[in-house]
There are 2 protein chains.
Amino acid sequence: MSKEHKVTIADIAREAGVSAMTVSRLLNGKGPVAKETAERINEIIERLGYQPNFLARSLSSKKSMIIGVTIPRIEHALLDNYIAQILSGVTNIALKNNYRIMLLPFNPEEGDRNEFVNWHRSKMVDGLILLKTLHRDERIAALAEQHVPFVLANHKYYADGVNFIDVNNAKGIALAVEYLVAKGHSEIAFVTGDLRETNALDRLNGFKKVMQKLGLPLREDWIINGQFNREIAYRESAKLFADKKRPDAVVCSDDYMAIGVINRIKELGLSVPDDVAVTGFDDIEIAGFLRPALTTVRQPIENIGRVAAETLIKILNEGIKKPVHRLLNVKLIPRESA
Amino acid sequence: MSKEHKVTIADIAREAGVSAMTVSRLLNGKGPVAKETAERINEIIERLGYQPNFLARSLSSKKSMIIGVTIPRIEHALLDNYIAQILSGVTNIALKNNYRIMLLPFNPEEGDRNEFVNWHRSKMVDGLILLKTLHRDERIAALAEQHVPFVLANHKYYADGVNFIDVNNAKGIALAVEYLVAKGHSEIAFVTGDLRETNALDRLNGFKKVMQKLGLPLREDWIINGQFNREIAYRESAKLFADKKRPDAVVCSDDYMAIGVINRIKELGLSVPDDVAVTGFDDIEIAGFLRPALTTVRQPIENIGRVAAETLIKILNEGIKKPVHRLLNVKLIPRESA
DNA sequence: ATGAAAGCGCTAACAT
DNA sequence: ATGTTAGCGCTTTCAT
């Protein structure tokens with residue numbers, strides 16, 4: 001904690017009258033070091049304020065102890081509560097296991113087939129957690145082919161060498177619809193997310209399936225695309241109320257869109273939930289504090305991040321065994337909006 | 001894009017019949033390379049799918065091209081819209097300048113004096129952007145002493161070798177109070193943030209000052225501490241309405257706390273803004289969509305991140321000149337809550 | 001315009 | 001319990 005400039009392992013070794021290896025062993029807890037030697041070295045490390053060079057260590061050991069997390073390269077990606085929560089879960093687990101997180105912005109719509117692989121090839125990261133990737137992204141296939149350790153978060157993708165953590169989306173939507181039906185609703189509209197994401201697709205398919213199962217009418221013009229975007233949902237939902245005959249309930253594929261739809265309904269002078277009931281999906285942090293408080297399907301978003309990180313770290317430590325495909329559970333949270 | 005395993009610069013050089021240096025020059029655009037040689041090398045790089053080893057490059061060149069961003073080590077740090085927005089701004093600028101972002105979780109309350117310095121000493125990062133640090137953190141002083149390139153975001157700290165980007169907090173609060181007064185309010189309460197953060201302090205002092213300037217009564221029991229936390233603000237604000245004599249307006253030090261206060265007021269059967277007007281600070285993404293929509297002081301949060309990143313990168317490229325102390329502007333956004 | 005030599009600071013592998 | 005050797009893959013510096 002004194003010397004102004006770079007103290008290396010060699011300096012410590014010289015000062016302690018041992019070889020660099022002994023210092024290295026002590027530092028990494030690998031191999032035996034005599035207690036007295038250890039104490040002497042530790043004292044010197046402390047005194048000189050030695051800090052191991054992470055780059056040299058990683059280059060030599062071939063492990064960077066960094067996990068890369070993809071985030072969509074849009075202005076406000078991190079403002080998305082959903083992305084932030086997953087990131088939060090990933091960060092917590094990574095930290096506990098001595099990994100650091102590197103943010104890797106990417107364009108979900110396009111990119112070189114080897115873009116993801118190259119992050120690993122360049123030794124920048126030991127493994128990857130992929131967020132917000134779209135259905136059939138070739139970059140994911142490339143990762144699997146090249147045996148790069150990676151885990152998809154919230155992206156269902158059954159294939160060799162692909163690990164994913166997701167939730168049971170279809171069940172979540174079924175819970176919402178069944179709840180509405182129990183409350184006496186039958187004219188139910190649906191707002192989809194970005195259908196290039198598998199969970200948006202799963203929710204839509206889940207909706208169709210449960211409606212059929214319950215023998216309820218499925219009107220194509222009552223299925224609108226909200227792109228997982230509050231403002232788009234606000235805009236598009238106008239269509240649902242243009243006719244005299246309007247739905248008495250709207251199931252939304254996420255909470256932000258539910259907020260947009262609710263604002264639209266209020267603006268039309270209708271009441272939520274009396275005239276139209278609205279459900280969301282996610283249970284974002286603010287959901288319970290909105291007025292009306294949002295009835296929604298809670299998915300354990302942060303936990304998806306945690307499990308994804310745990311899975312990746314396990315793969316990093318023990319190698320890839322059989323692919324991990326995990327679906328976490330969802331739960332209906334009844335509040336005021338439905 | 002074919003070979004399964006690590007292609008190095010030596011492989012490319014051999015294949016092209018040149019030395020590694022020529023390949024390196026081409027890769028980094030430093031020094032001259034004959035056009036024909038360049039084409040040949042490029043073709044081989046493409047064919048073999050060569051990807052430079054970031055660790056080796058950084059070790060050798062002594063630059064990691066990574067910017068570290070501190071985030072508080074709490075479960076939900078990233079869910080904080082404010083942190084997320086700054087991070088978003090930082091990420092955008094970093095990306096444009098070929099820097100990557102590493103997340104560095106830390107405990108704002110305590111830590112080794114050299115904790116921040118060591119991230120730099122270990123060569124993990126070229127420079128730091130500090131978020132959510134508390135007033136008088138010794139780790140910041142250590143950074144300045146050791147000449148580590150760093151910038152504080154939203155933390156006012158006038159000292160040698162300390163750069164910061166912040167907003168004019170006192171002015172923001174003055175705008176809110178003056179607006180309320182113009183609307184006929186005079187019984188004004190205040191909710192502070194975490195007073196260990198300089199911007200919470202600045203807002204509180206700004207409040208006291210403007211109240212005095214306007215000749216309004218300053219009641220100590222109408223200044224409550226909400227810790228920048230919605231639930232705490234909700235809980236603590238009960239005190240404001242316990243007496244018969246209650247404030248007719250509440251100025252809050254951030255939007256989350258304003259949400260908490262509004263919910264409290266509604267719960268007491270009072271109306272916002274008719275019985276009690278409420279203002280926030282920040283203008284978080286959801287502010288305009290709340291009901292009542294939040295009247296608040298907008299600070300250019302994402303821009304703070306951008307400017308902080310630009311400043312840091314400039315320091316990284318050109319060395320540290322005189323300290324950068326920038327205060328960005330704020331603006332009142334009148335909506336429904338006041 | 002290109003190359004050779006010498007590291008950057010560390011650890012793996014193999015001694016002793 | 002400790003040391004020696006040989007890299008990891010690149011760039012810097014100095015030649016040619």
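Chain identifiers are assigned alphabetically (A, B, ...) following the order of the sequence lines, protein sequences preceding nucleic acid strands; residue numbering begins at 1 within each chain. Computed from heavy atoms alone, side chains included, the values below leave out hydrogens, waters and symmetry copies.
Note on B/Lys123: nothing from the nucleic acid sits closer than 4.0 angstrom, heavy atoms only.
A straight line from CD of A/Glu36 to C1' of D/dT2 spans 14 Å, rounded to a whole angstrom. The CD1 atom of B/Ile45 sits 10 Å away from the P atom of D/dC10 (whole-angstrom rounding). In this structure, CE of B/Met124 is placed 16 Å from P of C/dG9, rounded to the nearest angstrom. Put simply, CG on A/Leu27 is 12 Å from C1' on C/dG9, counting in whole angstrom units. Distance, A/Met65 CE to C/dC10 C1': 16 Å, rounded to whole Å. The CG-C1' distance, from A/Leu55 to C/dG7, rounds to 15 Å in whole Å. In this structure, the NZ atom of B/Lys6 is 11 Å from the C1' atom of D/dG9, given to the nearest Å. In this structure, A/Met21 places its CE atom 16 Å from P of C/dT16, rounding to the nearest Å.
Across A/Ala16 and A/Ile41, no two heavy atoms sit closer than the pair CB-CG1, 4.0 Å.
Residue A/Asn53 places none of its side-chain N or O atoms closer than 4.0 Å to OP1 or OP2 of C/dC8. Note on B/Ser24: a side-chain N or O is less than 4.0 Å away from OP1 or OP2 of D/dT11. Remark: A/Lys30 is in phosphate contact with C/dA12, judged by side-chain N or O atoms under 4.0 Å from OP1 or OP2. Contact annotation: B/Ser61 side-chain N/O to D/dT11 OP1/OP2 distance is not under 4.0 Å. Listed pair B/Thr37 / C/dT2 meets the phosphate criterion, a side-chain N or O lying under 4.0 Å from OP1 or OP2. A/Ser58 has no side-chain polar atom (N or O) that falls below the 4.0 Å cut-off from OP1 or OP2 of D/dC8.
Take the nearest nucleotide of DNA chain C for B/Ser60 and for B/Ser19: the residue whose nucleotide is more 5' is B/Ser19. Across the interface with DNA chain C, nearest-nucleotide mapping of B/Gly17 and A/Ile9 shows B/Gly17 to be the residue nearer the 5′ end.
With 3.5 Å as the limit, one finds no donor-acceptor pair spanning the side chains of A/His135 and A/Thr198. Judged by distance alone, the side chains of A/Ser122 and B/Gln51 never bring a donor and an acceptor atom under 3.5 Å apart.
Of the charged side-chain nitrogens involved, at least one lies within less than 4.0 Å of a carboxylate oxygen, so that B/Glu15 and B/Arg47 count as a salt-bridged pair. A salt bridge between B/Glu310 and B/Lys96 is absent, with no side-chain N of the basic residue lying under 4.0 Å from a carboxylate O of the acidic one.
You'll find that the side chain of A/Pro32 is closest to D/dA1, out of C/dA1, C/dT11, D/dA1. Nearest to the side-chain atoms of B/Thr8 among the listed nucleotides D/dC10, C/dA13, C/dG3 stands D/dC10. Comparing C/dG3, C/dC10, D/dG9 by their nearest atom to the side chain of A/Ala56 picks out C/dC10. The side chain of A/Leu59 approaches D/dG9 more closely than any other nucleotide in the set D/dG9, D/dG3, D/dC10. Residue A/Arg25 has its side chain nearest to C/dC14 when only D/dG9, C/dC14, D/dT11 are considered.
Remark: aromatic rings of A/Phe164 and A/His325 are close, center separation under 6.0 Å.
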